[in-house]
Amino acid sequence: MPRSLFARTALTLALAFIVFQAAAFWVVYRTLIVPVAERSADDLAGLIVLSAQTWVELPPETRAAFEQELARRHGLRLTTVNVGATADAPQFAFRTQIEAALSRRVGESVVLRGVPDKAAAWLDIPVGGHDLRVGFFPGRYAVKPPLAAIAVIAVGTFLSLLTALFLVRRLTVPLARAARAARQVGAGELPEPLPETGPAELAELARRFNTMATEVRNLLDNRTTLLAGISHDLRTPMTRLQLNLEMLRDEPNPARIDRSLGDLAEMNTLISGYLELARTTRAAPASRFDLATLLDEVAADAGLAWSGAAPCEVEASRLAVRQIVSNLIENAQRYGGEGPVELALECADNLARVSVRDTGSGIPEDQLEKVFRPFYRLEASRSQATGGTGLGLAIVRQLAETYGWKVRLANRPTGGIEAVLEIRRGVP
């Protein structure tokens, strides 16, 4: 058996159509050809017997003319002369039916005979005291197979097979292309996007696969960036810690011990951020809760003045929503300047929108999306005191994508940034 889906399907269809054509031909043969052949054989037998009886009843002087007319009109020859016919009659289609019909008409078994190198078939009929010999050409009376019907069946089967193979190829080629692209994704490569054309199901499959391939590529890039960030950000405090430990060998110094503890705390903060980012790709179970109540808690923890909002129930991961909003508020408080940070909740029928607004200097338009990348900082010093770890907004974006939510940043006309989290009010 071939291994490819196309070859197996093509072979199955070909066998099915061959069986169908054989069955159709058998039905045509049994219901059309055989009945017509039997009726034609019976008509021929009746013509032969009637002609022989007429010949006997005619006056001898008119028999020659009758024989000539019979030969001209019906291809039959009547004679009393021995033509030298033997038992080996010419083989032709439906010979059995003709012999059976003649036997019924004559009342005794009739066997057709033939003359060597001649196409005619002969038989003996005893009528009125005469042994008549009757000859006829089987090709003139044999039933011709209905070639038109057979041709229609054959052409229909051929066209059906071609159509089926064409349709199967339309299905198997995109699947084979998707399989090759899947192998490339498995090898860590980003394949060319699959054509999002064809039947709706295949177009949707290609669309989902392209999205998945892009997400896998982004995930690999994020992981690569994460490892590079770990090695970069941990190297500086580790170097300082090593230097302080070496100097403490010669002279114990409380200030150096404090700096070493600070370096350890910085390393612990970095590692916690990395682990937090790594956990954002795993979705937690959803539950129904009041989003306004959750925002009350987050605002209180952040020391943010907020007047509250009307109840707004959503079905989502409470922990993920809390983490996203907390990170957005922390980001606004750190980079939003001296002005107050505003928290707002809009609750529509199908969508809940949480907004965090600050009054800082804003972000250049071409960097509004870049700040969601891991370790991307507008402040270039790489210092945690001024620029943070560069993971806060990356965690926000990763969490939102994991649960199918949307998060975006926009510059406010009055100055500052508005961060918006959109959550559908249903099961994620």
Please enumerate all residues that pass side chain to side chain donor-acceptor pair (under 3.5 Å) together with Arg30, with sequence neighbours excluded.
none
So, taking the atom named OG1 in Thr31 and the one named CH2 in Trp26, what distance separates them when rounded to the nearest 0.5 Å?
8.5 Å
Check this for me: does any side-chain nitrogen of one of Glu369 and Arg397 sit under 4.0 Å from a carboxylate oxygen of the other?
yes
Kindly say whether Val420 contributes a backbone atom to a donor-acceptor pair with the side chain of Ser355 at under 3.5 angstrom?
no
Of the non-hydrogen atoms in Val321 and Ala316, which two are nearest, and what is the gap between them?
CG2-CB, 4.4 Å
Measure from the side-chain N and O atoms of Asp42 to the backbone N and O of Ala101, and report whether any donor-acceptor pair falls under 3.5 Å.
no
Shortest non-hydrogen contact from Leu409 toward Leu368
O-CD1, 3.9 Å
Taking atom NZ of Lys406 as the centre, report whether more than 12 heavy atoms of other residues, nucleotides or ligands fall under 6.0 Å from it.
no
Using 0.5 Å steps for rounding, measure from the CZ atom of Phe136 to the NE2 atom of His74.
14.5 Å
Donor-acceptor contact present, side-chain Glu99 to main-chain Leu112, <3.5 Å:
yes
Residues pairing under salt bridge (Lys or Arg N to Asp or Glu O under 4.0 Å) where one sits in residues 412-421, two or more places apart or in two chains, turn out to be Arg357-Glu418
Check: Gly416 main-chain N/O paired with Asp358 side-chain donor or acceptor under 3.5 Å:
no
Considering only residues two or more places apart or on different chains, which pairs with a residue in residues 289-308 satisfy side chain to side chain donor-acceptor pair (under 3.5 Å)?
Asp290-Thr293, Glu297-Arg318, Glu297-Arg322, Asp301-Arg322
Check the surroundings of atom CZ in Phe289: do more than 12 heavy atoms from other residues, nucleotides or ligands lie under 6.0 Å from it?
yes
Any idea which heavy atoms bring Ala182 and Phe209 closest together, and the distance?
N-CZ, 3.4 Å
Ignoring hydrogens and geometry, is there a side-chain-to-backbone donor-acceptor pair from Gln333 to Ala302 under 3.5 Å?
yes
Which pairs with one or both residues in residues 120-129 pass salt bridge (Lys or Arg N to Asp or Glu O under 4.0 Å), sequence neighbours excluded?
Arg113-Asp124, Asp124-Arg133
With side chain to side chain contact (heavy atoms under 4.5 Å, CB included) as the criterion, how do Ile423 and Leu351 come out once you've worked through the C-alpha distance, each side chain's angles and the decisive distance to 0.1 Å?
CA-CA 6 Å; Ile423 303 174; Leu351 190 69; 5.8 Å; no
Let me see the working for Val371 and Tyr335 under side chain to side chain contact (heavy atoms under 4.5 Å, CB included), right down to the final yes or no.
CA-CA 13 Å; Val371 294; Tyr335 305 107; over 6 Å; no
Cut-off 3.5 Å, no hydrogens considered: what does the side-chain donor-acceptor table look like for residues 44-59, sequence neighbours left out?
from	atom 1	to	atom 2	distance (Å)
Ser51	OG	Leu47	O	2.7
Thr54	OG1	Leu50	O	2.8
Trp55	NE1	Glu67	OE2	2.8

Shortest non-hydrogen pair, Asn411 vs Gly362, comes out as OD1-CA, 3.5 Å
Verify side chain to side chain contact (heavy atoms under 4.5 Å, CB included) between Ser40 and Gln97, making sure each step is shown before the conclusion.
CA-CA 9 Å; Ser40 177; Gln97 284 81 356; over 6 Å; no
What's the separation between atom CG in Asn350 and atom CZ in Arg424, rounded to the nearest 0.5 Å?
7.0 Å
Side chain to side chain contact (heavy atoms under 4.5 Å, CB included) between Leu76 and Leu78: does it pass, once the steps are laid out?
CA-CA 7 Å; Leu76 293 179; Leu78 293 178; 5.7 Å; no
Between the OG atom in Ser103 and the CD atom in Glu108, the distance rounded to the nearest 0.5 Å is 8.5 Å
Any disulfide bond (SG atoms under 2.5 Å apart) pairs touching residues 47-84, not counting sequence neighbours?
none
Output for pair (Ile329 CD1, Asn327 CG), nearest 0.5 Å, gives 9.5 Å
Can you name the closest pair of heavy atoms from Cys312 and Ala352 and give their distance?
SG-CB, 4.0 Å
Just how far is it from atom CZ of Arg63 to atom OG1 of Thr79, taken to the nearest 0.5 Å?
11.5 Å
Looking at side-chain heavy atoms only, is the closest gap between Arg408 and Glu422 below 4.5 Å?
yes
Any idea which heavy atoms bring Pro195 and Ala206 closest together, and the distance?
O-CB, 3.5 Å
